[in-house]
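Let me begin by presenting the structure, written as structure tokens, before commenting on it.
Nothing here was measured: the structure is a model prediction, and the numbers come from that model. Proteins come first, then strands; the chains are lettered A, B, ... in the order of their sequence lines, and each starts at number 1.
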Amino acid sequence: MDYATQIIECVKQALDISADEIEQMMETPPEREMGDMAIVCFKLAKVMRKNPQMIASELSEKVNWPSFVSKVETKGAYMNLFFDKSNRAEQVVKSVLDHENNYGSSEIGKGKTICIDYSSINIAKPFHIGHLSSTAIGNSLYRIHSYLGYKCVGINHLGDWGTQFGKLIVAYKLWGNKEQIEKNSVQAMLELYVRFHEEAEKDPELDDSAREWFKKIEDGDSEALEIFNWFKELTLIEANRVYDLLGVEFDSYNGESFYNDKMDRVINELKEKNLLVKSNGAFVVDLEEYNMPPCLVLKSDGATLYSTRDMAAAFYRKDTYDFDKALYVVAYQQNLHFKQWFKVMELLGYEWSKDLIHVAFGMVSMEEGTLSTRKGKVVFLEDVLSKSIEKARGIIDVKSPDLADKDVVAKKIGVGAVVWNAVSNARIKDSVFSFDKALSFEGETAPYVQYTYARANSVLEKANASFKDVDYSLLSDDEAMEVIRMIELFPEKILDAATRYEPYIVARHIIDLAQAFNKFYYERRIIGEDDEVMKARLSLVKATKSCLERGLWLLGIQAPEKM
RNA sequence: GCGCCUGUAGCUCAGUAGGAUAGAGCAACGGCCUUCUAAGCCGUAGGUCCGGGGUUCGAAUCCCUGCAGGCGCGCCA
């Protein structure tokens, strides 16, 4: 039984209220000096018709506190409980060391499946910094949920369908050549795309011919398909370089084109259930009753739309994976889109429509304005990563000239610093991209956590100690206790991150842990102290190291042993 | 016009399902490397929690309203 439930039991015996009510009164004090746990008595004032301060002081005497509570202090309406330090240190540190690689993991997701739709890049378009959020957040949610026992299915819902491919083929046939595309890949495709839009302004006939070529793709024309598939292949080769750098993997690359022949079910069901109405030549589902504009399902020329495809994909995923939840890690610009088709699924009568979750995130813009593929105003993610790695390498050359595997370490740090930008703040926040910020290695950053990790590792390597018969009462100093407090909180932070689909909760927490550790490291000598003290402190170092590594891993960031 | 989101230190952000004196990082200033990695640590300074009402013993947090910014609103995705 954990501390909280034991305390609840004891309080319950002295007071005639439910465990739930007691739990609501409990909280962690803002400052460590105030104790390890607090019970707030304001709420009792009304029921007991006494002032809360008196209630607190009377109650503190009345309750028969469990043995691990070493002291109870009342302060106003607060009863502050202090726990026995060695007991607590032992419980926390041991549980990390006993579960070296899975502290904080659980089985709450056992037998459940979660589909996560993330990254979802477009074919023939650059993999730019705007894709970092979806990719990094999705990857982190994948890891967090896996850690909690869920079976995850990572889906890269490729944008490989639409008239833009007609445009691209037209542009390629008019101004492109094979060598150039082979050589510059997506960059060359992007140039063709940009040129198409420039020329199409002068010559609107280009748009017609683009539509024709897209029709050819749809109809399976061999020349059209050959070019299209070639572009797709080249784009994926390039994207995979970035995914390799990021350490991101997918279980499926089924994108829009995959669902092209799976639309009938959506249309038929909507017809059967009388949800489809004709409006201005197109077919829509009316959502006025739900205070939303109509959801377009079929264009007036009979072609399907984005929503249609998403619904077809949802059916396919439910059939194939039987998910308990399906997450869509997609920018908030598409809030309405998701709200609409989720509602349509509900109207179709599928109770699992409640399991469809749009995990929205904020916009990344450039200092000079928004990103625009059409104008070619983009920053390639690969370039950002390369620059970051290069910067890390430069710092290593100065600070750790004797380090082995400099390039490997530089990669971990450089990539970590960039990924950190996407997973360290609440998803919904907009951000403006700048190299200075993206490549920051100081303060609240991944390199800071990585540095702390490497530091901890270095101590452990030098000391080379055993962890048998540790006297945990030697970890009673404030700095050690603060580290212990952070480690203790780690598991619930992971859970919190999962329920809110917010990786930043893990990120924030490992920063707090790293800060606590660095202070401990600075204030308390580890090696060279009395043998028993050293052993106790080393076990705390080891536990910290393990938590930092797990935390970084959950965010999709690697931890170098040395840096 | 309607809908959704955001507004906390100069800047970037936390603030635990209303609770104790609102916290970090960056930038600024001042300290700390003959001892375990200074990518670090300590200190100083910096706040009308956008404004105004309300609910409550108690509000950055909940409700109403105003302001500012962002996003979205039928044949793109």
Check: Of all heavy-atom pairs between A:T235 and A:K125, which one has the smallest distance, and what is that distance?
Finding: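 Minimum heavy-atom separation between A:T235 and A:K125: CG2-O, 4.3 Å.
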
When the [atom1] atoms of [M] and [N] are compared, how many Å lie between them, rounded to an integer?
N     : M     : atom1 : answer
B:G23 : B:G47 : C1'   : 12 Å
B:A77 : B:A60 : P     : 47 Å
B:A9  : B:U44 : C1'   : 15 Å
B:C50 : B:C13 : P     : 15 Å
B:U61 : B:U6  : C1'   : 15 Å
B:C5  : B:C62 : P     : 12 Å
B:G25 : B:A14 : C1'   : 10 Å
B:G70 : B:A27 : C1'   : 26 Å

Next item on the list: With a 3.5 angstrom cut-off on both distances, give the Watson-Crick or G-U wobble partner of B:G69, or none if there isn't one.
Entry: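 B:C5 is the nucleotide pairing with B:G69.
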
Checklist line | Base-pairing assignment for B:G23 (Watson-Crick or G-U wobble, both under 3.5 Å) | finding: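 Answer to the pairing question: B:C13, which forms a Watson-Crick or G-U pair with B:G23.
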
Interatomic distance where [atom1] belongs to [X] and [atom2] belongs to [N] [whole Å]:
X      : N     : atom1 : atom2 : value
A:D436 : B:A39 : CG    : P     : 19 Å
A:E444 : B:A14 : CD    : C1'   : 8 Å
A:N518 : B:G40 : CG    : P     : 8 Å
A:E442 : B:A38 : CD    : P     : 14 Å
A:Q334 : B:C4  : CD    : P     : 19 Å
A:Q340 : B:G72 : CD    : P     : 14 Å

So does [X] get a side-chain nitrogen or oxygen closer than 4.0 Å to the phosphate oxygens (OP1/OP2) of [N]?
X      : N     : result
A:K519 : B:C42 : yes
A:K429 : B:G7  : yes
A:K462 : B:U37 : yes
A:Y451 : B:A39 : yes
A:K391 : B:A39 : no
A:R309 : B:A77 : yes
A:Y328 : B:A77 : no

Notebook entry, point to check: Is any side-chain N of the basic residue among A:D512 and A:R508 closer than 4.0 Å to the acidic one's carboxylate O?
Noted result: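 Answer for the salt bridge query: no.
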
Note to self: Closer than 4.0 angstrom, basic N to acidic O: yes or no for A:D405 and A:K562?
What the structure shows: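 Between A:K562 and A:D405 there is no salt bridge, as every charged N stays at least 4.0 Å from the carboxylate O atoms.
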
Check: When the ring centroid of A:F214 is compared with that of A:F165, is the distance short of 6.0 Å?
Finding: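 No: the rings miss the under 6.0 Å criterion.
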
Check: Hey, do the aromatic rings of A:Y332 and A:F361 have their centres closer than 6.0 Å?
Finding: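 Judged by ring-centre distance (under 6.0 Å), A:Y332 and A:F361 do not meet the cut-off.
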
Taking the side chain as C-beta and beyond, is there a heavy-atom pair between [X] and [Y] under 4.5 Å?
X      : Y      : answer
A:Y118 : A:V330 : no
A:Q334 : A:Y328 : no
A:Y501 : A:V329 : no
A:L305 : A:V297 : no

Check: So what does A:Y332 hit on the nucleic acid, given a heavy-atom distance under 4.0 Å: a base, only sugar-phosphate, or nothing?
Finding: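 Sugar-phosphate contact only.
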
Next item on the list: Could you check which residues of residues 478-508 of chain A get a heavy atom under 4.0 Å from RNA chain B? Sort them by number, please.
Entry: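 Here the set is A:R500, A:Y504, A:R508.
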
Check: Ignoring hydrogens and angles, are the base of B:C75 and the side chain of A:S300 linked by a donor-acceptor pair under 3.5 Å?
Finding: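 Yes, the side chain and the base share a sub-3.5 Å donor-acceptor pair.
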
Next item on the list: Look at the side chain of A:N80 against the base of B:A20 and say whether a donor-acceptor pair falls under 3.5 Å; ignore hydrogens and angles.
Entry: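 Donor-acceptor pair under 3.5 Å: yes.
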
